[in-house]
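Working notes, structure below.
Only a predicted model underlies this, so the values are computations on that prediction, with no experimental measurement involved. Lettering follows sequence order; numbering is per chain, from 1.
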Amino acid sequence: MDYKGTLNLPKTAFPMKGNLPQREPEFLSRWAEQRLYQRIQESRKGKPLYVLHDGPPYANGHIHIGHALNKILKDVIVKSRTMEGYRVPYVPGWDCHGLPIEHQVAKQLGAKKKETSATELRRLCREYAEKFYAVQRDEFQRLGVFGDWDHPYLTMTKDYEAAIIREFGKFVEQGGVYKGLKPVLWCTRDQTALAEAEVEYANHTSPCIYVKFPFISAPQERFGLGGLAEVEQVSLVIWTTTPWTLPANQAVALHPDIDYAFLRVGNEVVVLAEKLIDEVSRACRLDNPSIIGTRKGKDGFEGMVCRRPFTLGGSGQAQGRSPIVLGDFVTLEQGTGCVHIAPGHGMEDYLLALKYNAETATGVLTEPLQVVVPVDDNGCLTSEVPEFAGQHVLQADPEIVNHLQRLGVLVGQGTLEHSYPHCWRCKKPVIFRATQQWFVSMGKGRLRERALEEIDRVQWIPARGRDRIHGMIANRPDWCLSRQRLWGTPIPGFICTTCQSPLVDVTIIAAIADLVGEHGADVWFQRSANELLPGTTTCATCGGTEFKKEQDILDVWFESGVSHAAVVKPRGAEWWPADLYLEGSDQHRGWFHSALLASVTTDGRAPYRAVLTHGFVVDGQGKKMSKSAGNVVAPQDVMTQYGAEILRLWVAAQDYQEDLRISPQILKQLMETYRKIRNTCRYLLGNVDGFDPHDPAHRIDVHQLPELDRWALLRFNNVIRNVRKGYEEFDFRQIVHELDYFCSVDMSATYLDMLKDRLYTFPKESPVRRGSQMVLFTIVTGLAQLMAPILSFTAEDVWDALPGNAHASSLADSVHLSTFPEPLALPNQDDLEARWKQLLTVRTVVMGALEKGRRENVIGSSLDARVVLNVVPTLYQFLQAYEQDLPTVLIVSQAVLHPTDHPSGETHLTDDAALGISVNVVKAEGRKCERCWNYRVSVGRAPQHPTLCHRCVEAVT
RNA sequence: GGGCCUAUAGCUCAGAUGGUUAGAGCGCACGCCUGAUAAGCGUGAGGUCGAUAGUUCAAUUCUAUCUAGGCCCA
């Protein structure tokens, strides 16, 4: 007779294979139809608000793995806080303005760009941004990210642009906005500023010259070198490849730690880096130089003054005077170790000047260093350098060299072929040239200090983020707000055509903001200055009434930096400041930084209570991903091959505070973890078949449950606590490990394995079996909820498969509408845990013995075994209470206990001295019951069921 | 070159005010089962805790240097 039909074997529609790439889109469309996100928000009305303010990705191209990481992390937080009972809206945003899009559009236009109007170009940029924002939106949704995707914020909408201008107005009102000079890359042919991304590096041959800067300050006393008194002149020797920048010279920089040699050459002394003597001597054919001494850069040079070859710039006594300063950027790679500093024509020069000017008050220099720019838009020297006025700088170079020769300061000359920036459009060499820019002062209104104070009021996760942003804010120069571009928000300023004075006025800006709110920022480009200005506007300086518009747009970091004002604040007082900003660690320099400065300026405090940062995605070797290295992992590919769920699991399983590795091996392993969790759920579901959570007969009082079931519940209680703690602390790794361990060890290998006999062979309605089913139901329901923020698709899949579920019951029709489970109150939980820990240790010893028995062909299945446990008295006392349960716990047919002082046995012995146990494994007594596979002496006693044991006879009759 | 950071089994992660044989899950090998079956169970092998030097009775843990790697800046 076939007794298999009398067993209660697991049964479920829940498939073993997730089939994620196909099934995920089905869940997505169902959630969309259900308007699930909106329903979740409605269901949390009146609950405490938790605001995670989305940092806007740039609307350019498809999403990459870093985007996926960022959005999944946010989604896990949004979902887990929601399931903790908070109201957690998620408003995604996009950064739409800026150079990369403008650059792309200009590239596509090619030669036609010249005939394209500003408005038309902006229209094309807008189209471009719209296209990619939609692409990214769909890709983010595909990841299973919940949010208000129908109402995102875009930095190019009228509202947002108006908000940008209003915030700029507040900056002006605070008084920190000013116009000043700053070097930019400049194409003299196209007469335009270029961004770093708009230059191409190509080989270029430059002159290189060595020029003497004679000391004006008496060096003899300062350095105490006897030889100096005997010579006619002591000079620093500088080296440069841009002779045309010498008129703008303001200083000479030495490295503090480099050794500088005083070289006697004929009847004078020249000073240059000791290590470069040979090279310079060769290049300049120095006649028999001899070292009369060396000094480090920091030993006495700083603040001394040399004579520079041109007298332009500065005023009064500063004319022709070039002080010596110290700079860490000076190297020994080329030149002389003495660097000619022209703040108007070099970034490092400029920053060094700012640094020294800030210290002028402390007396390092007597006068501030000037940002001098004797070069016009065409790249021609101006009348400030009368000798060469009107000549293009690159053409003027040879004549300047001749001039230096005549002055007797040229030490040597040659040419150098090197990599040099060229304009991406006209391919001509570009120059560094300071131009008028808009700035926000870090000093005015104590912006820097206040920002630093705010940093310490914010929670930085990980904590080192605090040091990183603190260092940046402490050291950064004034914020340059202007960009010489079209695709952005205009700086609402004007210039008097009569006297060239700038006009920035709070009232006028407010009016412009209203106009932009109505028409969008295009209005600035479409209307003339007089149309934009109120009719009565007059210049405060000269009384003029004619103005021209400011041509520049705002730095995009300003735009995203004010998102707290454009997006968060308008939604309600309780929204601001946001609870959390979450981005990659590069945003310490970017968004966290600009948002902090913006918010401190306009609102006096940080716009976030906490900032969480993640690392960058690297390949399996920890190397940066790049097309050329061929190690790029695209989220789209992972989704096609494994599903978004695996990507979500990957995010959760990795330590996101460091760099995150991804590789085929890692994904394969995650797939294994996923399968384990999925399969455990499937088995749980299969065994709650026939269980009805609403049937009182199926609900067994916890106190009535056998210890084994209570142990399972207590383990699950643990999981509930740890997983919720993990979400609370943003420690998602812990959650994955917790779920994995619970499914693999506590459930699959322990509880479920022990439970099989009971579930399969006991009568369907037996209270013990129903009790176990109730436990299984509790666990699988809770498991679905606990995994939902990470495994959002699978959790819903499990939810659907719960018996008596969803539509017909009290359960919500989506797991995402539910809240996390609470731990169950269990009697004597700690005691129970301790005792079962002991019991499971005994089990491990027995498993070892059984394995030995298997190897020696005494048994195959563990049910073939009878185990004899010889144990010391204390352990005997403990185990006695479980004697009835031992066959279940050990999954053997028979288990007997023997007290002994010296545990040892003869057959298949396994000793565990520490525990005081030895185990004998022998063939079980009796015959194997055909139905339950246990060996029992009762098999054969019932004539009508000759192959069954007494228990099964009972069960089938 | 400067700032911030990382390095523990094949993989993902634990770990210790410095103190016995450094843990887990997965993977792997071997075996069992065939009533979770493109499943399940068991046993086992894997680590000079990135390298070197120093402090110490004792360092994987502290310090320095180096190597490799990441972000930002120059």
For residues [X] and [Y], determine if any side-chain heavy atom of one lies less than 4.5 Å from a side-chain heavy atom of the other.
X	Y	value
Cys949(A)	Asn934(A)	no
Thr680(A)	Leu752(A)	yes
Val633(A)	Trp650(A)	no
Val371(A)	Tyr350(A)	yes
Tyr674(A)	Leu791(A)	yes
Leu759(A)	Asn8(A)	no

Distance between [atom1] atoms of [N] and [M] (Å, rounded):
N	M	atom1	answer
A68(B)	G27(B)	P	35 Å
C57(B)	U12(B)	C1'	38 Å
G46(B)	C41(B)	P	24 Å
A74(B)	U60(B)	C1'	36 Å
G10(B)	A45(B)	C1'	13 Å
A64(B)	G2(B)	P	15 Å
U52(B)	A59(B)	C1'	14 Å
C26(B)	G42(B)	P	9 Å

Below 30° counts as parallel, above 60° as perpendicular, anything between as tilted: where do the rings of [X] and [Y] land?
X	Y	result
Phe777(A)	Phe691(A)	tilted
Tyr420(A)	His418(A)	tilted
Phe592(A)	Trp460(A)	perpendicular

- Message: Please encode protein proximity along nucleotides 67-74 of chain B as a string of B, S and -, counting only heavy-atom distances under 4.0 Å.
- Response: --SSBSSS
- Which parts of nucleotides 28-36 of chain B does protein reach within less than 4.0 Å, heavy atoms only, written one letter per nucleotide 5' to 3' as B for base, S for sugar-phosphate only and - for none? --BSSSSBB
Return the value, rounded to whole Å, for the distance between atom [atom1] of [X] and atom [atom2] of [N].
X	N	atom1	atom2	answer
His737(A)	C11(B)	NE2	C1'	11 Å
Tyr656(A)	C5(B)	OH	P	18 Å
His614(A)	U6(B)	NE2	C1'	16 Å
Gln665(A)	A9(B)	CD	P	13 Å
Arg715(A)	G25(B)	CZ	P	12 Å
Ile461(A)	C4(B)	CD1	P	21 Å
Ile666(A)	U12(B)	CD1	P	4 Å
Phe732(A)	C13(B)	CZ	P	14 Å

- Task: Could you pull out the closest heavy-atom pair between Thr947(A) and Glu930(A), with the gap in Å?
- Result: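 Minimum heavy-atom separation between Thr947(A) and Glu930(A): OG1-OE1, 2.7 Å.
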Which nucleotide, in any strand shown, forms a Watson-Crick or G-U wobble pair with [N], with both distances under 3.5 Å?
N	answer
G42(B)	C30(B)
U56(B)	none
A68(B)	U6(B)
C49(B)	none
G1(B)	C73(B)

- If you look at every strand shown and take non-hydrogen atoms under 4.0 Å, does Val745(A) touch a base, only sugar-phosphate, or nothing?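 Sugar-phosphate, backbone atoms only, no base.
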- If you look at every strand shown and take non-hydrogen atoms under 4.0 Å, does Asn475(A) touch a base, only sugar-phosphate, or nothing?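 Nothing, no nucleic acid heavy atom in range.
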- Query: For C13(B), does OP1 or OP2 lie under 4.0 Å from any side-chain N or O of Gln654(A)?
  - Reply: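 It does, given that an N or O in the side chain of Gln654(A) lies less than 4.0 Å from OP1 or OP2 of C13(B).
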- Can you check G46(B) for me, syn or anti if syn means within 90° of 0?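 Syn.
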- Item | First of Thr844(A) and Gly471(A) reached from the 5' end of RNA chain B, by closest nucleotide |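 It is Gly471(A) whose nearest nucleotide is closer to the 5' end.
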- Message: Please determine whether a side-chain nitrogen of the Lys or Arg among Lys676(A) and Glu672(A) lies less than 4.0 Å from a carboxylate oxygen of the Asp or Glu.
- Response: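 Not counted as a salt bridge, because no side-chain N and carboxylate O are separated by less than 4.0 Å.
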- Message: Given U43(B), C5(B), G27(B), identify the nucleotide with an atom nearest to the side chain of Glu672(A).
- Response: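 Output: G27(B).
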